[in-house]
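Notes for the one structure printed next.
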Amino acid sequence: MFVCFISFGSCKKSDNKVEPGDYPVLNASLKETKTSFYDLFEKAELIPLETTDQSLIKYVRKIECYQDRIYVFDDNQCALFIFDRNGKYINKIHRVGEGPGEYLYIYDFCLNQDEDVIEILSPMSVQYRYDLNTNFIKSYKIPVPEGRFHRLERFDKNVYLYWALIGYLEGHNKMDLYLMSIDPPRSIAEFRTRENHYTQLCTSQPFYRYNNQIYVQKPFSNEVYLFTENRLEMAYSWNFGKKTLTIDVETYKYPDFPDINRVRDEFYRMFNDGEIPEAQYCYDWQNQTDQYYYARLWFAHHIGKNMFYNKTTEDYMFFEKTTEGIVFEPLYFTNDYLIFYVEPDKKDMLLPILSDIDKEKCRKIEESDNPVLVKC
(Lines give C-alpha, C1' and ligand atoms only; values in the text may rest on other atoms or scores of the structure.)
Protein backbone atom coordinates (compact mmCIF):
# COMPACT_ATOMS: atom_id res chain seq x y z
CA MET A 1 0.00 0.00 0.00
CA PHE A 2 0.94 3.66 -0.37
CA VAL A 3 1.31 5.96 2.60
CA CYS A 4 -0.13 9.40 1.68
CA PHE A 5 1.10 12.89 2.58
CA ILE A 6 -1.50 15.58 2.25
CA SER A 7 -0.40 19.09 1.58
CA PHE A 8 -2.07 22.31 1.53
CA GLY A 9 29.14 18.31 -30.69
CA SER A 10 27.42 15.89 -33.09
CA CYS A 11 23.71 15.73 -33.38
CA LYS A 12 21.47 12.83 -34.33
CA LYS A 13 17.84 13.41 -35.26
CA SER A 14 14.99 10.95 -34.83
CA ASP A 15 11.45 11.23 -36.15
CA ASN A 16 9.82 9.45 -33.23
CA LYS A 17 11.53 6.12 -33.92
CA VAL A 18 9.80 3.58 -31.74
CA GLU A 19 11.36 0.16 -31.42
CA PRO A 20 8.97 -2.71 -32.21
CA GLY A 21 8.17 -5.30 -29.59
CA ASP A 22 5.63 -6.41 -27.06
CA TYR A 23 4.37 -3.88 -24.52
CA PRO A 24 1.48 -3.88 -22.07
CA VAL A 25 -1.92 -2.59 -23.17
CA LEU A 26 -3.79 -1.41 -20.08
CA ASN A 27 -7.48 -2.20 -20.61
CA ALA A 28 -9.76 -0.18 -18.36
CA SER A 29 -12.98 1.81 -18.37
CA LEU A 30 -13.65 5.47 -17.70
CA LYS A 31 -16.70 4.55 -15.64
CA GLU A 32 -15.91 5.66 -12.09
CA THR A 33 -15.35 3.03 -9.42
CA LYS A 34 -16.41 3.30 -5.79
CA THR A 35 -13.02 3.87 -4.18
CA SER A 36 -12.18 4.44 -0.54
CA PHE A 37 -9.03 6.28 0.47
CA TYR A 38 -8.09 3.10 2.35
CA ASP A 39 -8.29 1.00 -0.80
CA LEU A 40 -5.04 2.72 -1.75
CA PHE A 41 -3.46 4.02 1.43
CA GLU A 42 -2.86 2.95 5.01
CA LYS A 43 -2.84 6.45 6.46
CA ALA A 44 -2.44 10.15 5.75
CA GLU A 45 0.14 12.41 7.36
CA LEU A 46 -0.34 16.17 7.36
CA ILE A 47 2.67 18.40 6.60
CA PRO A 48 1.74 22.09 6.90
CA LEU A 49 4.36 24.18 5.10
CA GLU A 50 5.60 26.90 7.44
CA THR A 51 4.32 30.34 6.49
CA THR A 52 6.77 33.22 6.85
CA ASP A 53 7.49 36.40 4.90
CA GLN A 54 10.26 34.47 3.11
CA SER A 55 8.29 31.31 2.36
CA LEU A 56 4.97 32.50 0.93
CA ILE A 57 3.94 30.19 -1.92
CA LYS A 58 1.58 31.23 -4.71
CA TYR A 59 1.37 28.03 -6.75
CA VAL A 60 2.84 24.54 -6.39
CA ARG A 61 4.07 23.29 -9.77
CA LYS A 62 6.31 20.43 -8.68
CA ILE A 63 7.56 18.62 -5.56
CA GLU A 64 10.74 16.60 -4.98
CA CYS A 65 11.98 14.95 -1.79
CA TYR A 66 15.63 14.27 -0.95
CA GLN A 67 17.67 13.83 2.24
CA ASP A 68 14.76 14.65 4.57
CA ARG A 69 14.01 17.84 2.64
CA ILE A 70 11.00 18.78 0.56
CA TYR A 71 11.60 20.97 -2.51
CA VAL A 72 8.54 22.95 -3.65
CA PHE A 73 8.73 24.66 -7.04
CA ASP A 74 6.58 27.77 -7.60
CA ASP A 75 7.02 28.84 -11.21
CA ASN A 76 4.64 31.78 -10.72
CA GLN A 77 7.29 33.36 -8.49
CA CYS A 78 10.28 31.76 -10.25
CA ALA A 79 11.25 30.31 -6.88
CA LEU A 80 12.25 26.98 -5.35
CA PHE A 81 11.37 26.67 -1.66
CA ILE A 82 13.09 24.18 0.63
CA PHE A 83 11.43 22.75 3.77
CA ASP A 84 12.43 20.00 6.17
CA ARG A 85 10.42 16.78 6.37
CA ASN A 86 8.05 18.38 8.91
CA GLY A 87 7.37 21.45 6.76
CA LYS A 88 9.68 23.90 8.55
CA TYR A 89 11.10 26.48 6.13
CA ILE A 90 14.85 26.22 5.48
CA ASN A 91 15.78 28.33 2.47
CA LYS A 92 14.89 29.15 -1.13
CA ILE A 93 16.34 29.96 -4.53
CA HIS A 94 14.74 33.16 -5.75
CA ARG A 95 17.29 35.09 -7.79
CA VAL A 96 15.38 37.17 -10.32
CA GLY A 97 17.82 39.54 -12.01
CA GLU A 98 20.62 39.67 -14.55
CA GLY A 99 23.70 39.11 -12.38
CA PRO A 100 25.72 35.93 -11.70
CA GLY A 101 23.40 33.15 -10.55
CA GLU A 102 20.34 35.25 -11.41
CA TYR A 103 17.66 34.61 -14.01
CA LEU A 104 14.67 36.37 -15.55
CA TYR A 105 12.42 33.30 -15.69
CA ILE A 106 12.63 29.64 -14.74
CA TYR A 107 10.33 26.84 -15.88
CA ASP A 108 11.57 23.67 -14.16
CA PHE A 109 14.11 22.12 -11.82
CA CYS A 110 15.53 18.70 -11.01
CA LEU A 111 17.77 17.27 -8.30
CA ASN A 112 21.09 15.82 -9.38
CA GLN A 113 21.48 13.30 -6.56
CA ASP A 114 24.79 11.93 -7.81
CA GLU A 115 26.46 15.30 -7.31
CA ASP A 116 24.10 16.74 -4.68
CA VAL A 117 23.22 19.80 -6.72
CA ILE A 118 20.05 21.54 -7.87
CA GLU A 119 19.57 22.14 -11.61
CA ILE A 120 17.24 24.97 -12.64
CA LEU A 121 16.05 25.54 -16.22
CA SER A 122 15.54 28.93 -17.82
CA PRO A 123 13.58 29.22 -21.09
CA MET A 124 16.44 31.38 -22.35
CA SER A 125 18.39 28.15 -23.01
CA VAL A 126 20.40 28.52 -19.80
CA GLN A 127 20.72 26.00 -16.98
CA TYR A 128 21.72 27.13 -13.49
CA ARG A 129 23.43 24.91 -10.92
CA TYR A 130 23.27 25.47 -7.14
CA ASP A 131 24.42 23.36 -4.22
CA LEU A 132 21.90 21.98 -1.72
CA ASN A 133 22.47 25.05 0.46
CA THR A 134 21.31 27.22 -2.48
CA ASN A 135 24.80 28.63 -3.23
CA PHE A 136 25.27 29.39 -6.92
CA ILE A 137 27.88 27.18 -8.62
CA LYS A 138 27.72 27.78 -12.36
CA SER A 139 25.45 28.47 -15.31
CA TYR A 140 25.51 26.54 -18.60
CA LYS A 141 24.40 27.61 -22.05
CA ILE A 142 22.24 24.86 -23.54
CA PRO A 143 23.72 24.14 -27.02
CA VAL A 144 20.69 24.85 -29.21
CA PRO A 145 19.49 28.21 -30.60
CA GLU A 146 17.67 30.11 -27.88
CA GLY A 147 14.16 28.76 -27.58
CA ARG A 148 11.36 27.85 -25.27
CA PHE A 149 12.57 24.95 -23.17
CA HIS A 150 9.94 24.14 -20.57
CA ARG A 151 10.99 20.91 -18.80
CA LEU A 152 14.14 18.93 -18.08
CA GLU A 153 15.17 15.57 -16.65
CA ARG A 154 18.67 14.32 -15.86
CA PHE A 155 19.80 11.44 -18.08
CA ASP A 156 23.47 10.96 -17.14
CA LYS A 157 26.46 12.95 -15.89
CA ASN A 158 26.05 16.43 -17.39
CA VAL A 159 23.56 15.01 -19.93
CA TYR A 160 19.91 16.11 -19.78
CA LEU A 161 16.68 15.53 -21.64
CA TYR A 162 14.79 18.73 -22.51
CA TRP A 163 11.23 19.25 -23.69
CA ALA A 164 10.58 22.24 -25.93
CA LEU A 165 7.54 23.82 -27.49
CA ILE A 166 7.51 22.77 -31.13
CA GLY A 167 7.72 25.62 -33.59
CA TYR A 168 9.69 28.04 -31.46
CA LEU A 169 13.14 26.78 -32.39
CA GLU A 170 14.27 28.00 -35.78
CA GLY A 171 15.73 25.12 -37.75
CA HIS A 172 14.39 22.61 -35.22
CA ASN A 173 10.68 23.09 -35.83
CA LYS A 174 9.63 19.45 -35.83
CA MET A 175 11.65 18.34 -32.80
CA ASP A 176 10.40 18.60 -29.23
CA LEU A 177 12.76 16.34 -27.22
CA TYR A 178 16.46 17.17 -27.03
CA LEU A 179 19.21 15.10 -25.43
CA MET A 180 22.15 17.40 -24.70
CA SER A 181 25.38 17.61 -22.80
CA ILE A 182 25.96 20.88 -20.95
CA ASP A 183 29.62 20.16 -20.14
CA PRO A 184 31.07 19.94 -22.72
CA PRO A 185 28.20 21.63 -24.56
CA ARG A 186 26.95 19.47 -27.43
CA SER A 187 23.70 18.22 -28.89
CA ILE A 188 23.50 14.42 -28.79
CA ALA A 189 20.08 13.62 -30.26
CA GLU A 190 16.77 15.21 -31.18
CA PHE A 191 13.39 13.48 -31.16
CA ARG A 192 9.96 14.21 -32.47
CA THR A 193 6.96 12.87 -30.56
CA ARG A 194 4.33 14.05 -33.08
CA GLU A 195 2.85 16.50 -30.61
CA ASN A 196 1.70 19.99 -31.54
CA HIS A 197 2.69 23.30 -29.98
CA TYR A 198 -1.00 24.19 -29.69
CA THR A 199 -1.62 21.19 -27.43
CA GLN A 200 1.60 20.58 -25.50
CA LEU A 201 0.79 22.82 -22.54
CA CYS A 202 -2.21 20.63 -21.76
CA THR A 203 0.19 18.45 -19.79
CA SER A 204 1.87 19.52 -16.56
CA GLN A 205 4.84 17.15 -16.88
CA PRO A 206 5.99 15.23 -19.98
CA PHE A 207 8.52 13.17 -17.95
CA TYR A 208 8.51 10.86 -14.99
CA ARG A 209 11.22 8.63 -13.55
CA TYR A 210 10.72 5.04 -12.43
CA ASN A 211 13.47 2.51 -11.59
CA ASN A 212 15.96 5.20 -12.63
CA GLN A 213 14.58 5.29 -16.17
CA ILE A 214 12.85 8.18 -17.91
CA TYR A 215 9.34 7.82 -19.33
CA VAL A 216 7.76 10.29 -21.76
CA GLN A 217 4.03 10.99 -22.07
CA LYS A 218 1.94 13.33 -24.20
CA PRO A 219 -1.39 14.99 -23.35
CA PHE A 220 -3.38 13.62 -26.29
CA SER A 221 -1.78 10.22 -26.80
CA ASN A 222 -2.65 6.89 -25.19
CA GLU A 223 0.98 5.76 -25.52
CA VAL A 224 3.79 6.15 -23.00
CA TYR A 225 7.42 5.81 -24.09
CA LEU A 226 10.61 4.71 -22.40
CA PHE A 227 13.48 7.02 -23.31
CA THR A 228 16.92 5.66 -24.14
CA GLU A 229 19.87 7.48 -25.64
CA ASN A 230 19.14 6.41 -29.19
CA ARG A 231 15.39 5.97 -29.39
CA LEU A 232 11.94 6.24 -27.88
CA GLU A 233 10.70 2.76 -27.04
CA MET A 234 7.05 1.96 -26.50
CA ALA A 235 6.53 1.23 -22.79
CA TYR A 236 2.75 0.75 -22.54
CA SER A 237 -0.54 2.17 -23.77
CA TRP A 238 -4.01 2.83 -22.37
CA ASN A 239 -7.18 1.36 -23.87
CA PHE A 240 -10.52 2.68 -22.62
CA GLY A 241 -12.65 1.00 -25.27
CA LYS A 242 -14.96 3.42 -27.05
CA LYS A 243 -13.75 6.25 -24.77
CA THR A 244 -10.11 5.90 -25.91
CA LEU A 245 -8.67 9.15 -27.27
CA THR A 246 -8.81 9.40 -31.06
CA ILE A 247 -7.59 12.94 -31.78
CA ASP A 248 -4.68 13.26 -34.22
CA VAL A 249 -2.98 16.47 -33.12
CA GLU A 250 -0.91 16.67 -36.32
CA THR A 251 -3.86 16.78 -38.71
CA TYR A 252 -6.48 18.37 -36.45
CA LYS A 253 -7.89 21.57 -37.97
CA TYR A 254 -6.99 24.27 -35.47
CA PRO A 255 -8.65 27.70 -35.24
CA ASP A 256 -7.34 30.03 -37.90
CA PHE A 257 -5.64 32.96 -36.16
CA PRO A 258 -2.34 34.58 -37.17
CA ASP A 259 -1.16 34.69 -33.56
CA ILE A 260 0.07 31.33 -32.24
CA ASN A 261 -0.84 32.18 -28.64
CA ARG A 262 -4.42 32.96 -29.61
CA VAL A 263 -4.69 29.65 -31.47
CA ARG A 264 -3.42 27.78 -28.42
CA ASP A 265 -5.78 29.67 -26.09
CA GLU A 266 -8.74 28.98 -28.37
CA PHE A 267 -7.89 25.28 -28.60
CA TYR A 268 -7.70 25.11 -24.81
CA ARG A 269 -11.06 26.90 -24.49
CA MET A 270 -12.66 24.48 -26.95
CA PHE A 271 -11.20 21.51 -25.10
CA ASN A 272 -12.32 22.81 -21.72
CA ASP A 273 -15.83 23.52 -23.00
CA GLY A 274 -16.12 20.00 -24.42
CA GLU A 275 -16.30 21.16 -28.04
CA ILE A 276 -13.76 18.64 -29.36
CA PRO A 277 -15.54 15.24 -29.48
CA GLU A 278 -12.34 13.26 -30.11
CA ALA A 279 -10.61 14.90 -27.13
CA GLN A 280 -12.97 15.01 -24.17
CA TYR A 281 -10.01 14.46 -21.85
CA CYS A 282 -6.23 14.60 -21.86
CA TYR A 283 -3.41 12.98 -19.89
CA ASP A 284 -2.17 15.61 -17.47
CA TRP A 285 0.50 13.45 -15.82
CA GLN A 286 1.45 9.80 -15.53
CA ASN A 287 3.66 7.73 -13.24
CA GLN A 288 4.09 4.22 -11.91
CA THR A 289 5.22 2.21 -8.89
CA ASP A 290 5.97 -1.48 -8.49
CA GLN A 291 2.26 -2.01 -7.86
CA TYR A 292 0.43 0.52 -10.04
CA TYR A 293 0.38 2.37 -13.31
CA TYR A 294 -1.04 5.83 -12.65
CA ALA A 295 -2.65 8.44 -14.91
CA ARG A 296 -4.20 11.80 -14.08
CA LEU A 297 -6.91 12.62 -16.62
CA TRP A 298 -8.33 16.10 -17.15
CA PHE A 299 -11.80 16.34 -18.60
CA ALA A 300 -13.78 19.28 -19.92
CA HIS A 301 -14.83 21.92 -17.39
CA HIS A 302 -11.66 21.46 -15.28
CA ILE A 303 -12.59 18.05 -13.89
CA GLY A 304 -9.63 15.88 -12.88
CA LYS A 305 -9.78 12.13 -12.22
CA ASN A 306 -7.25 9.54 -11.02
CA MET A 307 -6.61 6.14 -12.59
CA PHE A 308 -4.70 3.50 -10.58
CA TYR A 309 -4.14 0.29 -12.59
CA ASN A 310 -2.88 -2.73 -10.64
CA LYS A 311 0.01 -4.39 -12.49
CA THR A 312 -0.60 -7.81 -10.95
CA THR A 313 -4.37 -8.19 -10.91
CA GLU A 314 -5.11 -5.83 -13.85
CA ASP A 315 -7.91 -4.34 -11.77
CA TYR A 316 -8.20 -0.57 -11.65
CA MET A 317 -9.61 2.27 -9.58
CA PHE A 318 -10.89 5.38 -11.36
CA PHE A 319 -12.43 8.27 -9.46
CA GLU A 320 -12.74 12.04 -9.10
CA LYS A 321 -13.01 11.78 -5.31
CA THR A 322 -12.85 8.96 -2.78
CA THR A 323 -15.90 7.80 -0.83
CA GLU A 324 -14.60 9.96 2.05
CA GLY A 325 -14.80 13.02 -0.22
CA ILE A 326 -11.04 13.37 -0.76
CA VAL A 327 -10.02 15.05 -4.02
CA PHE A 328 -6.31 14.87 -4.73
CA GLU A 329 -3.76 15.39 -7.49
CA PRO A 330 -0.48 13.55 -6.76
CA LEU A 331 2.71 15.50 -7.37
CA TYR A 332 5.31 13.09 -6.02
CA PHE A 333 5.52 9.29 -6.18
CA THR A 334 7.63 6.58 -4.56
CA ASN A 335 6.90 2.90 -3.98
CA ASP A 336 6.10 3.72 -0.35
CA TYR A 337 4.06 6.92 -0.54
CA LEU A 338 2.77 9.76 -2.65
CA ILE A 339 2.35 13.45 -1.87
CA PHE A 340 -0.35 15.88 -2.88
CA TYR A 341 -1.23 19.35 -1.67
CA VAL A 342 -4.35 21.10 -0.47
CA GLU A 343 -5.06 24.81 -0.32
CA PRO A 344 -5.98 26.00 3.20
CA ASP A 345 -9.60 26.73 2.29
CA LYS A 346 -10.06 23.04 1.31
CA LYS A 347 -8.37 21.59 4.40
CA ASP A 348 -11.55 20.40 6.13
CA MET A 349 -12.11 17.69 3.49
CA LEU A 350 -9.09 15.91 5.02
CA LEU A 351 -10.60 15.48 8.48
CA PRO A 352 -12.14 12.01 7.82
CA ILE A 353 -8.70 10.48 7.12
CA LEU A 354 -6.53 12.29 9.68
CA SER A 355 -5.31 11.09 13.05
CA ASP A 356 -6.44 13.05 16.13
CA ILE A 357 -3.04 14.79 16.25
CA ASP A 358 -3.24 15.82 12.59
CA LYS A 359 -6.85 16.93 12.98
CA GLU A 360 -5.64 19.41 15.59
CA LYS A 361 -2.91 20.61 13.22
CA CYS A 362 -5.53 20.97 10.48
CA ARG A 363 -7.83 23.12 12.63
CA LYS A 364 -4.97 25.57 13.33
CA ILE A 365 -4.30 26.24 9.65
CA GLU A 366 -5.56 29.65 8.52
CA GLU A 367 -6.71 30.61 5.03
CA SER A 368 -3.72 32.95 4.60
CA ASP A 369 -1.25 30.12 5.28
CA ASN A 370 0.80 28.16 2.76
CA PRO A 371 -0.59 25.06 1.07
CA VAL A 372 -0.63 21.90 3.15
CA LEU A 373 1.12 18.74 1.96
CA VAL A 374 -0.42 15.34 2.49
CA LYS A 375 1.78 12.26 2.56
CA CYS A 376 -0.17 9.07 1.90
Side-chain angles (χ1 to χ4, degrees), residues 5-8 47-66 69-112 117-137 139-140 142 147-153 162-165 200-207 261 265 268 284-285 302 329-332 339-347 365-374:
F5 286 102
I6 300 172
S7 62
F8 278 101
I47 308 178
L49 298 178
E50 183 181 12
T51 306
T52 70
D53 290 343
Q54 294 298 311
S55 68
L56 287 174
I57 296 171
K58 288 185 178 179
Y59 179 76
V60 179
R61 166 66 65 185
K62 184 177 180 179
I63 293 173
E64 294 285 350
C65 299
Y66 182 55
R69 291 185 174 186
I70 302 171
Y71 296 80
V72 179
F73 182 53
D74 180 344
D75 58 353
N76 279 6
Q77 296 189 76
C78 294
L80 178 66
F81 297 90
I82 305 173
F83 301 85
D84 71 12
R85 63 185 301 175
N86 298 312
K88 182 175 177 56
Y89 174 68
I90 297 174
N91 207 342
K92 67 180 175 181
I93 297 174
H94 186 217
R95 313 275 177 83
V96 178
E98 299 185 30
E102 296 179 338
Y103 46 77
L104 295 178
Y105 305 98
I106 53 175
Y107 282 175
D108 199 7
F109 86 101
C110 69
L111 298 177
N112 180 340
V117 295
I118 301 166
E119 308 282 0
I120 289 185
L121 175 66
S122 163
M124 308 305 178
S125 296
V126 179
Q127 188 165 318
Y128 298 85
R129 179 172 289 180
Y130 304 82
D131 66 24
L132 297 183
N133 294 317
T134 74
N135 298 306
F136 175 63
I137 299 174
S139 63
Y140 300 86
I142 301 173
R148 294 283 182 178
F149 289 112
H150 274 70
R151 304 287 183 258
L152 85 163
E153 186 62 66
Y162 301 93
W163 175 70
L165 284 181
Q200 278 182 308
L201 289 181
C202 291
T203 184
S204 61
Q205 268 293 345
F207 307 131
N261 292 317
D265 291 346
Y268 183 79
D284 178 54
W285 189 50
H302 300 288
E329 179 180 351
L331 288 180
Y332 183 74
I339 294 178
F340 64 92
Y341 80 94
V342 175
E343 294 292 349
D345 62 344
K346 301 290 196 306
K347 64 186 177 75
I365 295 168
E366 299 180 356
E367 288 201 7
S368 59
D369 285 343
N370 268 333
V372 181
L373 298 183
V374 184

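Here, residue 1 is the first one in the sequence, and each next residue gets the next number.
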Any donor-acceptor pair under 3.5 Å from Asn112 side chain to Val117 backbone: no
Main-chain N/O of Ser125 paired with Ser122 side-chain donor or acceptor, under 3.5 Å: no
Mutual orientation of the aromatic rings belonging to His150 and Trp163 [parallel < 30°, tilted 30-60°, perpendicular > 60°]: perpendicular
Arg151 side chain to Ser204 backbone, donor-acceptor under 3.5 Å: yes
Residues, nucleotides or ligands: over 12 heavy atoms within 6.0 Å of Tyr66 OH: yes
Main-chain N/O of Asn370 paired to Thr51 side chain as donor or acceptor, under 3.5 Å: yes
Distance, nearest 0.5 Å, that separates CG of Leu56 from CD of Glu50: 11.0 Å
By ring pair (Phe, Tyr, Trp, His ring centres under 6.0 Å) - contacts of Tyr89 (at least two apart): Phe83
Asn91 and Thr134: side chain donor to acceptor below 3.5 Å: yes
Tyr162-Gln127 side chain donor-acceptor pair, cut-off 3.5 Å: yes
Side-chain donor/acceptor of His94 to backbone N/O of Gln77, under 3.5 Å: yes
Side-chain heavy atoms of Ile93 within contact of Ile118, under 4.5 Å: yes
Over all atoms of both residues, closest heavy-atom pair of Ile106 and Ala79: CD1-N, 4.0 Å
Nearest atoms (heavy-atom pairs only) where Cys65 meets Ile70: SG-CG1, 4.2 Å
Any donor-acceptor N or O pair under 3.5 Å, side chains Arg95, Tyr103: no
Side-chain (Tyr128) to main-chain (Glu102) donor-acceptor, under 3.5 angstrom: yes
